[in-house]
Amino acid sequence: MAKNYGDVYHTEDWGEPYFAVNKDGHLCVRIYGRETLPEQEIDVLSVIEKATSTDEKRKKLQFPMILRFPDVLRHRIDSLHAAFSNAIKSYQYGSVYQGVFPVKVNQNKAVVQDMVHFGYDHSYGLEAGSKPELLIAMSCLTKAKPGAYLICNGYKDSSYVALALAARAMGLNAIIVLEMEEELDIVIEQSSKLGVEPVIGVRAKLLTKIQGHFGSTGGKHGKFGLLAEKIYEVAKKLKALNKLHWLKLLHFHVGSMIPTTDNVFDAASEASDIYCTLVKECGAEMMTTLDCGGGLGVDYDGTRSSTPMSVAYGLEEYASKVVQAVQDRCDYHGVPHPVLCTESGRAMASHHSMIILEALSATPEPKDDDDEATTEQLHERIRDLSSKLQPFKAETAAHMSMPSHAVHVKKHGIEIYKMGKKLSKRVITDADTIYNYHMNLSVFSLMPDYWGIEQLFPMIPVSRLDEKPTHQATLVDITCDSDGKVKNFIREADTLSLHPLDPKLGSYYVAVLLSGAYQEVLSSKHNLFGGPSLVRVVGTDHGGTFSVETALLGPTTEELIGTMRYDVKRDISSVIEEWARDKKVWEMVENLVENGLHTMPYLLDYKPPPTV
């Protein structure tokens with residue numbers, strides 16, 4: 001039996017239940033999770049080959065590309081609702097769960113429409129945080145089950161509020177969530193002007209905080225929402241205006257990746273107390289819904305821990321803690337259980353798509369010079385720096401202030417970190433040569449969160465996983481920027497194990513998994529490299545087959561130049577043509593310019609010289 005090297009990449013940990021390595025040594029997708037039959041698995045290499053095959057009906061697809069598996073999206077939505085349904089039944093909770101998908105997580109037309117379509121039976125709705133997102137949501141929710149929520153978050157002006165009121169006039173269940181006190185005045189003004197009665201909610205700024213990058217959302221210094229006392233003032237103002245019946249929802253959000261269920265429980269408990277106070281003490285008896293926001297995390301590294309790239313729970317544990325916390329506090333206060341809503345975007349969208357990167361070439365990284373420090377010398381430097389990190393004491397104050405001491409500690413701490421990274425790399429290079437794999441990729445366009453917030457994604461070769469990977473690699477993109485390099489990987493690894501490139505074995509691809517949330521919408525156009533080709537893959541009723549439903553070329557060079565306010569025909573094509581004709585070279589230049597404008601800016605049919 002062929003060896004399976006999927007464990008080198010911890011596939012069974014982060015990949016469960018959707019990704020595995022099949023008997024051919026290829027990455028495959030289990031579109032129905034644990035219920036997927038062997039013959040229903042979709043071979044990723046087969047998808048790539050089919051999507052890039054010559055077809056007269058469409059342009060030849062270029063790399064990089066995103067493969068979407070909408071069946072996985074459906075499974076994620078069904079699994080989330082099943083988790084809440086089971087928890088509600090188990091605790092005998094007195095209301096229901098009705099969630100929404102935050103459009104900001106992935107605004108792609110197919111993704112948003114799929115969310116509404118697949119969530120129809122669950123009354124699954126959408127959340128918008130801007131006027132463009134609100135217009136998308138209004139359009140898509142015309143196909144949703146009546147009563148599905150349209151949660152209107154974000155800072156609002158009169159035109160935003162007017163659009164939300166227009167949505168209510170259309171029969172959509174739009175709820176305007178106040179981020180600031182003054183937004184209430186805008187709602188009152190626009191409601192009177194348009195003659196549409198609103199439903200409003202208030203975003204609570206909780207004191208519960210989580211650790212890590214996403215923790216800045218919570219706490220009293222958070223960017224969004226109102227502290228409890230301010231929320232009560234809003235209720236009093238509404239009551240004085242005889243409009244308290246408008247208030248029906250309380251919303252909170254403590255961060256995008258809540259690390260533990262203890263954090264989930266604490267936040268839901270704190271918010272439930274505010275909800276109950278609104279009902280019992282402020283007289284807001286028309287309150288119906290507690291919106292627990294986002295935060296349902298994704299286990300990117302497969303450790304199921306509270307580290308920055310993981311969460312220590314699954315869908316079932318998350319739902320259970322939310323239901324338990326809200327029920328406990330409402331029962332304590334004697335308040336009816338509210339409808340539970342969450343805005344779980346990352347956990348819904350991440351698994352359904354993957355980025356496919358094409359390897360162009362691989363070159364060994366030069367060894368450090370002979371006069372570089374040895375492993376032993378690096379150890380000694382770290383020990384020396386560590387000895388200088390002394391706690392601040394009274395005797396220290398005689399020659400150094402506390403701020404100066406903090407700067408001193410920070411400086412040496414950074415140096416120790418750099419030395420530790422260098423030592424780690426030295427240990428690797430003592431055993432193996434590190435190779436730079438040049439990929440048909442822009443980190444800034446395809447993996448902006450890696451560059452922006454050091455978000456790590458699991459990566460794995462698409463094929464040859466029945467063969468031991470012998471190269472330790474970093475990934476280098478094709479932008480003219482030194483930050484365009486992937487040199488950190490899950491499980492605190494400095495390299496990724498890859499296979500030697502062999503033209504006789506065909507193209508070599510690396511998949512970036514769990515990348516369906518935020519990457520497309522945060523994409524930049526550095527060097528005017530744009531987005532990827534998009535391929536939509538669905539399972540069929542016939543075992544062992546799949547269908548490439550759509551295969552769309554990514555943004556062309558002409559489209560990307562146009563985003564920079566050029567009139568491409570007038571400012572680019574015509575200018576080049578005039579100059580080339582004057583130089584008597586237009587016959588040669590014409591086809592080159594046309595081809596350059598109408599293809600993606602990434603490398604096409606790249607073949608390294610035989611000497612490389």
Side-chain angles (χ1 to χ4, degrees), residues 5-11 14 27 64 300-302 309 355-379 381-382 414-444 446-447 450-451 454-465 467-503 505 507-513 603 606 608-612:
Y5 285 94
D7 60 327
V8 172
Y9 306 93
H10 311 286
T11 311
W14 54 259
L27 176 66
Y300 289 101
D301 65 11
M309 298 303 145
I355 304 167
I356 302 297
L357 306 178
E358 175 191 31
L360 303 172
S361 64
T363 56
E365 195 171 275
K367 292 278 188 179
D368 287 330
D369 297 333
D370 292 338
D371 60 349
E372 283 283 329
T374 64
T375 300
E376 291 73 19
Q377 288 171 328
L378 288 171
H379 271 296
R381 288 184 188 177
I382 291 173
I414 291 172
E415 286 301 314
I416 290 172
Y417 173 77
K418 289 180 178 178
M419 288 292 176
K421 294 288 285 184
K422 194 168 187 179
L423 177 60
S424 173
K425 190 172 182 180
R426 172 55 59 84
V427 170
I428 294 172
T429 53
D430 283 349
D432 300 288
T433 298
I434 293 180
Y435 287 81
N436 288 323
Y437 273 61
H438 300 273
M439 312 299 290
N440 209 358
L441 156 75
S442 164
V443 168
F444 310 95
L446 275 295
M447 301 166 57
Y450 173 82
W451 170 65
E454 300 180 347
Q455 170 72 53
L456 304 182
F457 300 93
M459 300 183 187
I460 185 172
V462 167
S463 61
R464 296 172 64 184
L465 292 165
E467 172 190 339
K468 184 176 181 180
T470 56
H471 281 185
Q472 297 304 311
T474 56
L475 308 184
V476 180
D477 78 1
I478 59 173
T479 67
C480 299
D481 195 304
S482 57
D483 283 339
K485 186 173 184 177
V486 182
K487 54 185 178 180
N488 296 304
F489 304 88
I490 62 169
R491 307 289 183 103
E492 300 183 345
D494 296 314
T495 59
L496 180 68
S497 296
L498 296 177
H499 304 87
L501 300 184
D502 186 348
L505 298 177
S507 299
Y508 190 76
Y509 307 110
V510 175
V512 183
L513 284 302
L603 304 192
Y606 178 84
T611 55
V612 176

For Phe444, what residues pass the ring pair (Phe, Tyr, Trp, His ring centres under 6.0 Å) criterion, not counting sequence neighbours?
Trp451, His526
Mind listing the closest non-hydrogen atom pair of [X] and [Y] along with its distance?
X	Y	result
Thr474	Asp494	CG2-O, 3.8 Å
Leu501	Ala362	CD1-N, 3.8 Å
Val443	Lys485	CG2-N, 4.0 Å
Met459	Phe489	SD-CE2, 3.9 Å
Ile490	Tyr9	CD1-O, 4.3 Å
Tyr450	Lys487	OH-N, 2.8 Å

From [X] [atom1] over to [Y] [atom2], what is the distance, rounded to the nearest 0.5 angstrom?
X	Y	atom1	atom2	value
Leu357	Leu360	CG	CG	10.0 Å
Glu365	Thr495	CD	OG1	10.5 Å
Trp14	Met309	CH2	CE	15.5 Å
Asn488	Leu496	CG	CG	12.0 Å
Leu456	Arg491	CG	CZ	12.0 Å
Leu513	Thr11	CG	OG1	8.0 Å

Side-chain heavy-atom pair Arg464, Pro500 within 4.5 angstrom cut-off:
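In short, these two side chains touch, coming nearer than 4.5 Å.
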Students often mix this up, so state it plainly: with edges at 30° and 60°, are the rings of Tyr437 and Tyr508 parallel, tilted or perpendicular?
tilted
Return yes if some donor-acceptor pair links the side-chain N/O of His499 with the main-chain N/O of Glu467 below 3.5 Å, else return no.
yes
side-chain contact (heavy atoms from CB on, under 4.5 Å) evaluation trace for Phe457 with Tyr300
CA-CA 6 Å; Phe457 300 93; Tyr300 289 101; 4.0 Å; yes
For Ser497 and Gln472, does a side-chain donor sit closer than 3.5 Å to a side-chain acceptor?
yes
With Ile460, which of Val512, Leu465, Val8, Leu498 fulfils side-chain contact (heavy atoms from CB on, under 4.5 Å)?
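Considering Val512, Leu465, Val8, Leu498, a side-chain contact (heavy atoms from CB on, under 4.5 Å) with Ile460 is found only for Leu465.
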Please name the residue in the list Leu441, Asp477, Ile356, Asn440 that meets the side-chain contact (heavy atoms from CB on, under 4.5 Å) test with Leu446.
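One option only clears the test, and that one is Leu441.
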